[in-house]
Protein chains: 2
Amino acid sequence: MPRSAEQTRKRILDGAYTLFRRHGYSRVSMDDIAAKASFTKRTLYHHFKSKDQLLADVLACQQELALQAFKTFGDRLSGSPEAIVEGMFRELAVWADRPRWAGSGFTRLVIELADLPGHPARLIARRHKARLERCLGELLERSGVRRAGELARAIWLLSEGAISLILVHGDQGYSAAAANAAMTLVRSHLDKHQKAVRAAGNGSVNWR
Amino acid sequence: MPRSAEQTRKRILDGAYTLFRRHGYSRVSMDDIAAKASFTKRTLYHHFKSKDQLLADVLACQQELALQAFKTFGDRLSGSPEAIVEGMFRELAVWADRPRWAGSGFTRLVIELADLPGHPARLIARRHKARLERCLGELLERSGVRRAGELARAIWLLSEGAISLILVHGDQGYSAAAANAAMTLVRSHLDKHQKAVRAAGNGSVNWR
DNA sequence: CAAAGTATACTCATTAGTGAATTTACAGGG
DNA sequence: CCCTGTAAATTCACTAATGAGTATACTTTG
């Protein structure tokens, strides 16, 4: 065995993720991916059954990392709901400010495949988003907010909306607008009087 | 001249819009579009310089209709900000409930072309979204809400987020969640005590 | 008849996917 | 310690289909 299969697989998955995320699905060819990972296309087909399956595997693999990143992110935040929200949107702003940022890989790919509800990649992306939303809900729950699930969903909506609109307009201002709106919502979910708007760590993991 | 050029152009634009909206850009071929409009591909190239230009023209044409639809929609609404918001999200729910709904054509296409900031279609989509947001702002302004522009942007974020998440999960519940959040935001933008939550007409124009 | 409009029949590049040969790493016999 | 068989890993060279875009001839209408 010239190389450990595991290593090769990983190199392919990594390269493919980068390309898919940056250029979408259709516009990335198997040859592109092969070139990126410095293998022949035939090798890709040795490790992955088809392009669609490769995409699914890429997302499945990325999902693990992203979920971990989000949990780490959650741990870094102090307990106040304001801090959680502020941290979330600050991170979004940092993330979206990167040179050739092209949105959330998961969202982007699902939207590209919007008319193919049976595509394996969609199922994975869907589960991923649902899990993240639940995580946020738990985080908020622990922070002592009322109807945390409802709030989490609203914040998630703002976050996805911000991703779309930043992409459309190339204007990071939408992230600040989303943060403001989210803060208003948080306050409306607070029992009477709670405050404490502590800051949170930054970093540029991307778990969307 | 076998047919009026204008008529042919329109038939092509209509068919192309349907296809692009449903399947995205890359996965629709010029042959598909030609077939849809019952012309030969060569005819398309007689009327449009390239596929990219066709897309741009499609969006430009659709933009007019969509803007008009939104204005009509705005006129139908009674003046209270709650009614405006409720109407918006009810319409979204109806729209997203259609059989093979695949999101907002504009958003979808911009996201697909996220890595091509210079693409002519992006400029048009961008202007379109900006104009709609401004329209919503004016609508809210007239309804007597404070900081209408800020509110409009927040609502717009929720709306775009809902489109994304409905697409991801196939769950129209996100539209209701967005509506609730929007309503909370509206209330926080109301001067002291205003109410009146009148209903508005429905219909299924899609101006996103 | 003239000119715009439409069709036939291509070109050339690219793409997902494959058949068959070739290389490599390691197991076990000498 | 080397040699060698073997199976996995990788490559080369290909197919068949599809895509954007075009040269040219035909058709329709004013």
What residues in residues 20-29 of chain B put a non-hydrogen atom under 4.0 Å from any atom of DNA chain D?
B/V28, B/S29

Tell me which residues in residues 44-54 of chain B lie within less than 4.0 Å of DNA chain D, going by non-hydrogen atoms.
B/Y45, B/S50, B/K51

Is any side-chain heavy atom of B/Q62 less than 4.5 Å from a side-chain heavy atom of B/F106?
yes

Can you check whether B/T8 has a side-chain N or O nearer than 4.0 Å to OP1 or OP2 of C/dT6?
yes

C/dA7 phosphate, OP1 or OP2, under 4.0 Å from B/T40 side-chain N/O:
yes

Report the relative orientation of the aromatic rings in B/Y174 and B/H169; use parallel for angles under 30°, tilted for 30 to 60°, perpendicular for over 60°.
parallel

What class does the angle between the rings of B/Y25 and B/F20 fall in, given that below 30° is parallel, 30 to 60° is tilted and above 60° is perpendicular?
tilted

Nearest to the B/D31 side chain among D/dT10, D/dA20, D/dT22, which nucleotide is it?
D/dA20

What is the distance, rounded to the nearest whole Å, between atom CE of A/M30 and atom C1' of D/dA13?
18 Å

State plainly whether the residues B/K71 and B/D75 are in salt-bridge range, i.e. N to O under 4.0 Å.
no

Under a 3.5 Å cutoff, is there a donor and acceptor pairing between the side chains of A/D32 and A/S29?
yes

Answer yes or no: side-chain N or O of A/K41 and base N or O of C/dA16 forming a donor-acceptor pair under 3.5 Å.
yes

